[in-house]
Amino acid sequence: MAKKKTRGGRSTALVQLHPQPLTGTEVAKIAAAVGSTEALGKMPGSGGEFVVQDGVARVTGRDYATTDAVVPAAEIYFDGESRPRYDGPWLGEADKVAWVDPDTGLECIMMRDRTDGFLSGYVGVPDSHPLFGWNHLAIPADLGIEVHGGLTFSHICDDGPSPDTRLIMEARRICHVGRGGASVTHATDHRVEEGQWWFGFDCNHIYDAVPGDYGSRRRFMGPEIAAEYREDGYVVREIRNLAAQLAAIRDGRQVPARMGPPLPPISLDPGAAR
């Protein structure tokens with residue numbers, strides 16, 4: 001375990017994690033870490049590996065299944081601190097899933113907000129993309145990007161790999177999954193490379209039911225406008241829609257029609273991105 005690396009004049013121990021095979025006798029550790037046996041149904045197939053550390057479980061080598069699609073997940077995280085306190089449709093969902101979209105080759109992430117428990121989606125583009133480095137608020141509407149609530153995020157990859165190699169850091173980091181590169185001792189297979197600019201959206205709008213607002217904190221007007229929780233199937237579909245739109249802009253093609261039902265009207269949310 002103990003290699004030392006200096007960062008900012010500070011010496012920090014690097015922790016090397018050792019994944020274990022994900023077998024029938026080991027799945028109970030995942031269920032115990034995430035507090036939900038339903039999570040196991042989200043990972044079809046067999047094989048794979050897992051690591052559990054500080055209440056976070058990371059699974060590799062397994063796909064991730066929603067009610068709408070199966071994505072070829074590179075990493076699946078279940079973060080105990082991000083778990084919503086109440087039972088609901090989020091039961092069993094992962095708290096972060098990272099994958100490469102097979103149709104576009106773009107990096108994708110679904111991730112849960114730690115405080116209020118809603119899901120967000122992100123798609124990364126390389127530095128050759130026409131929108132690389134653009135603020136999401138500056139993107140012209142006539143390019144045709146349409147996603148739940150409008151784009152609310154634009155940023156370069158989060159820093160890493162960091163001397164702090166805890167899984168809890170990786171489970172909350174917006175950065176792509178590397179496809180090779182130098183061997184670095186860190187928590188996951190993530191590699192920081194130049195040229196990944198992330199665009200994202202969240203499901204924390206007036207027409208969204210948010211786990212952190214359940215019970216006595218239910219948000220004003222939510223029932224009147226039929227607010228609903230945007231489960232992982234919905235969010236993954238929106239991520240795939242965003243990836244297809246960004247790929248079309250990359251290739252100089254017309255943005256394709258969206259998959260799925262019509263989006264909630266942005267006009268319902270006065271704080272939404274235009």
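All values below come from the heavy atoms of this structure, side chains included, with hydrogens, waters and symmetry mates left out.
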Residue pair P211 / G117: nearest heavy atoms and the distance that separates them: CG-O, 3.6 Å

Minimal non-hydrogen separation, R237 against P261, with atom names: NH2-CD, 3.4 Å

NZ/NE/NH1/NH2 to OD/OE distance under 4.0 Å, R112 and E93: yes

Non-hydrogen atoms of D87 and L91 that approach each other most closely: OD1-CD1, 4.2 Å

Pairwise distance CD(E228) to OH(Y207) - rounded to 0.5 angstrom: 11.5 Å

Polar side-chain atom of Y64 near backbone of A94 as donor-acceptor pair, under 3.5 Å: yes

Backbone of V51 reached by a side-chain donor or acceptor of R58 within 3.5 Å: no

Lys/Arg N to Asp/Glu carboxylate O, E238 vs R240, below 4.0 Å: no

Evaluation steps, side chain to side chain contact (heavy atoms under 4.5 Å, CB included), between L131 and I139: CA-CA 8 Å; L131 293 180; I139 295 176; 4.1 Å; yes

N/O donor-acceptor pair under 3.5 Å between E231 side chain and Y234 backbone: yes

CG on L151 to CH2 on W198, rounded to 0.5 Å: 14.0 Å

Considering all heavy atoms, the nearest A65-V70 contact: CB-CG2, 4.0 Å

Co-membership, hydrophobic cluster, residues I239 and L143, 4.5 Å side-chain: yes

Criterion side chain to side chain contact (heavy atoms under 4.5 Å, CB included) on L106 and V100, from CA distance to verdict: CA-CA 6 Å; L106 296 178; V100 177; over 6 Å; no

T104 backbone acceptor or donor facing R250 side chain under 3.5 Å: yes

Side chain to side chain contact (heavy atoms under 4.5 Å, CB included) between V123 and E107, worked out: CA-CA 6 Å; V123 178; E107 306 278 352; over 6 Å; no

Pairwise side-chain contact, C203 with V235, heavy-atom cut-off 4.5 Å (strictly under): yes

Charged N-O contact under 4.0 Å between R114 and E81: yes

Interatomic distance, I174 atom CD1 to S120 atom OG [nearest 0.5 angstrom]: 8.0 Å

Test item: K96 side-chain N/O and E75 main-chain N/O as donor-acceptor pair under 3.5 Å: no

Donor-acceptor under 3.5 Å (Q53 side chain, L167 main chain): yes

Steps toward side chain to side chain contact (heavy atoms under 4.5 Å, CB included) verdict (L246, F199): CA-CA 9 Å; L246 290 170; F199 292 107; 4.2 Å; yes

Atom pair CD1 (I168) and OH (Y77), whose distance is rounded to the nearest 0.5 Å: 12.0 Å

Rounded distance [0.5 Å steps], CZ in R258 versus CG in L242: 10.5 Å

Distance-only side-chain donor-acceptor flag, H148 / D202, under 3.5 Å: no

Side-chain donor or acceptor of D251 paired with backbone N/O of R253 under 3.5 Å: no

Note, D127 side chain near F132 side chain (heavy atom, < 4.5 Å): yes

V56 side chain reached by M169 side chain, heavy atoms, under 4.5 Å: no

From D95 atom CG to L119 atom CG, the distance as rounded to the nearest 0.5 Å: 8.0 Å

Side-chain (D116) to main-chain (V210) donor-acceptor, under 3.5 angstrom: no

Residue pair P140 / W134, side-chain heavy-atom distance below 4.5 Å: yes

Ion pair check, R172 and D79, cut-off under 4.0 Å: yes

Closest approach of D68 to G233 (non-hydrogen atoms, all atoms of both residues): CB-O, 4.1 Å

I109, V236, D63, I76 screened by side-chain contact (heavy atoms from CB on, under 4.5 Å) with W99, the one that passes: V236

Parallel, tilted or perpendicular, as decided by the 30° and 60° cut-offs, for the rings of F153 and H155: tilted

Salt bridge D232-K42, side-chain N to carboxylate O under 4.0 Å: yes

Least distance between heavy atoms, A243 atom then D101 atom: CB-OD2, 4.0 Å

